[in-house]
Amino acid sequence: MKKWISFTLAVRVFLGFIFLAILFHLLVMAGMVPPDIVWGGRVQSQEELIKMESISLFILVFMALIIAIKARWIFFKIAKLIDYFIWLIPLLFFLNTLGNLQALNAMERFIFTPITLVLALISLRIAVEKF
């Protein structure tokens with residue numbers, strides 16, 4: 001896997017996708033993107049949507065911080081500790097991929113499933129890097 005994509009490129013691609021995902025979730029919260037294409041199309045109310053989207057945003061920002069620490073861009077002193085937590089990211093994206101396959105909305109199934117699978121593989125590439 002290390003031969004297919006460099007660590008630096010994997011970090012940049014991952015963080016680029018995370019930035020786009022944050023933007024997407026903000027647009028959903030603002031009502032500019034229909035809410036039926038997130039959370040498997042199962043969100044019942046605006047209140048529930050805001051709650052779930054807030055959780056998504058928190059998780060995305062947390063993942064971005066973990067990746068930035070792993071890349072030694074910030075908080076260098078705790079980078080070794082992050083080597084344990086980083087494995088949660090590919091796990092979450094693999095689970096998200098399985099969840100997207102079960103979505104009621106075809107767009108979520110056919111567009112977001114491949115994206116989350118790519119993010120799972122890219123984050124796995126980042127996780128296997130040793131310093």
Side-chain angles (χ1 to χ4, degrees):
M1 181 184 286
K2 287 184 176 187
K3 292 180 182 181
W4 294 342
I5 184 170
S6 73
F7 175 76
T8 304
L9 180 59
V11 168
R12 289 181 179 160
V13 168
F14 184 87
L15 291 176
F17 270 109
I18 293 297
F19 172 77
L20 292 174
I22 288 170
L23 180 62
F24 173 79
H25 286 288
L26 289 172
L27 291 173
V28 170
M29 289 175 81
M32 299 173 81
V33 173
D36 62 329
I37 64 171
V38 293
W39 296 104
R42 292 176 173 88
V43 175
Q44 300 297 319
S45 68
Q46 182 68 19
E47 190 175 280
E48 184 181 6
L49 177 71
I50 297 298
K51 177 181 154 189
M52 300 303 283
E53 289 299 299
S54 297
I55 292 169
S56 289
L57 289 171
F58 175 80
I59 291 170
L60 289 168
V61 169
F62 185 70
M63 282 190 226
L65 284 172
I66 288 176
I67 296 298
I69 293 168
K70 173 73 175 182
R72 309 276 195 285
W73 292 356
I74 58 173
F75 305 123
F76 310 108
K77 292 184 180 188
I78 63 169
K80 271 295 191 201
L81 179 64
I82 290 303
D83 284 341
Y84 299 105
F85 291 104
I86 194 115
W87 290 98
L88 293 174
I89 295 174
L91 175 65
L92 286 172
F93 276 112
F94 279 119
L95 291 174
N96 193 297
T97 301
L98 294 175
N100 285 341
L101 287 170
Q102 303 300 314
L104 300 175
N105 184 291
M107 182 177 174
E108 190 170 359
R109 261 193 327 274
F110 297 115
I111 294 177
F112 297 137
T113 299
I115 291 172
T116 57
L117 181 59
V118 167
L119 285 168
L121 295 172
I122 290 173
S123 61
L124 183 61
R125 166 60 184 101
I126 293 168
V128 300
E129 186 70 20
K130 299 286 185 215
F131 288 102

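Just so you know, these numbers use all the heavy atoms, side chains as well, and skip hydrogens, waters and symmetry mates. Residue numbers start at 1 and run along the sequence shown. This structure is a prediction, so every number in the text was calculated from the model and none was measured.
L49 has its side chain within reach of P35: a pair of non-hydrogen atoms, C-beta onward, lies under 4.5 Å apart. Contact check for I122 versus F93: no side-chain heavy atoms found under the 4.5 Å cut-off. For the pair V128/W87, a side-chain contact is recorded, criterion being any heavy-atom separation below 4.5 Å from C-beta on. Using a 4.5 Å cut-off on side-chain heavy atoms (C-beta onward), I115 and F112 make contact. In this structure, F62 and F85 have side chains that are not in contact, with every pair of non-hydrogen atoms separated by 4.5 Å or more. Considering only heavy atoms from C-beta on, D36 stays 4.5 Å or farther from M107 through its side chain. Under the 4.5 Å side-chain criterion, counting only non-hydrogen atoms from C-beta, W39 is in contact with E53.
Atom CG of residue L60 and atom CZ of residue F17 lie 13.0 Å apart, to the nearest 0.5 angstrom. Rounding to the nearest 0.5 Å places OG of S56 at 10.5 Å from CD1 of I22. Here the CD atom belonging to E48 is positioned 11.5 Å from the CZ atom belonging to R42, to the nearest 0.5 angstrom. To the nearest 0.5 Å, atoms CE (M63) and CZ (F58) are separated by 10.5 Å. Going from atom CD1 of I67 over to atom OG of S123 covers 6.5 Å, rounded to the nearest 0.5 Å. Note that CG of L121 and CZ of F14 are 12.0 Å apart. Values are rounded to the nearest 0.5 Å.
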**Message:** Determine whether I82 and F75 satisfy the following criterion, side chain to side chain contact (heavy atoms under 4.5 Å, CB included), listing intermediate values before the conclusion.
**Reply:** CA-CA 10 Å; I82 290 303; F75 305 123; over 6 Å; no
**Request:** Would you please test S54 and H25 for side chain to side chain contact (heavy atoms under 4.5 Å, CB included) and show each step?
**Result:** CA-CA 8 Å; S54 297; H25 286 288; over 6 Å; no
**Request:** For side chain to side chain contact (heavy atoms under 4.5 Å, CB included), just list the numbers for W73 and L65, CA-CA rounded to whole Å, side-chain angles, deciding distance to a tenth of an Å, and then say yes or no.
**Result:** CA-CA 9 Å; W73 292 356; L65 284 172; over 6 Å; no
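Under the 4.5 Å side-chain contact rule for hydrophobic residues, Y84 and L91 do not share a cluster.
Among all heavy-atom pairs drawn from L26 and L57, the shortest one is CD2-CD1, 3.7 Å. Shortest non-hydrogen contact noted between M29 and Q46 is O-NE2, 4.1 Å. Nearest heavy-atom pair across D83 and I86 is O-CG2, 3.4 Å. Nearest heavy atom pair, residue S6 against residue R125, reads C-NH2, 3.7 Å. Closest approach of P90 and A127 over heavy atoms only: CG-CB, 4.4 Å.
Applying the side-chain hydrogen bond (donor to acceptor under 3.5 Å, both in side chains) test to pairs two or more places apart or on separate chains, those with a residue in residues 100-117 are N96-N100, T97-T116, N100-T116.
Annotation: R12, atom CZ; neighbour count of heavy atoms from other residues, nucleotides and ligands within 6.0 Å does not exceed 12.
When hydrophobic residues (I, L, V, M, F, W, Y) are linked wherever their side-chain heavy atoms come within less than 4.5 Å, the members clustered with F19 are L20.
Looking at K51 and E47, no side-chain N of the basic residue comes within less than 4.0 Å of a carboxylate O on the acidic one, giving no salt bridge.
Proximity of a side-chain donor or acceptor of K70 to a complementary backbone N or O of E129 within less than 3.5 Å is detected.
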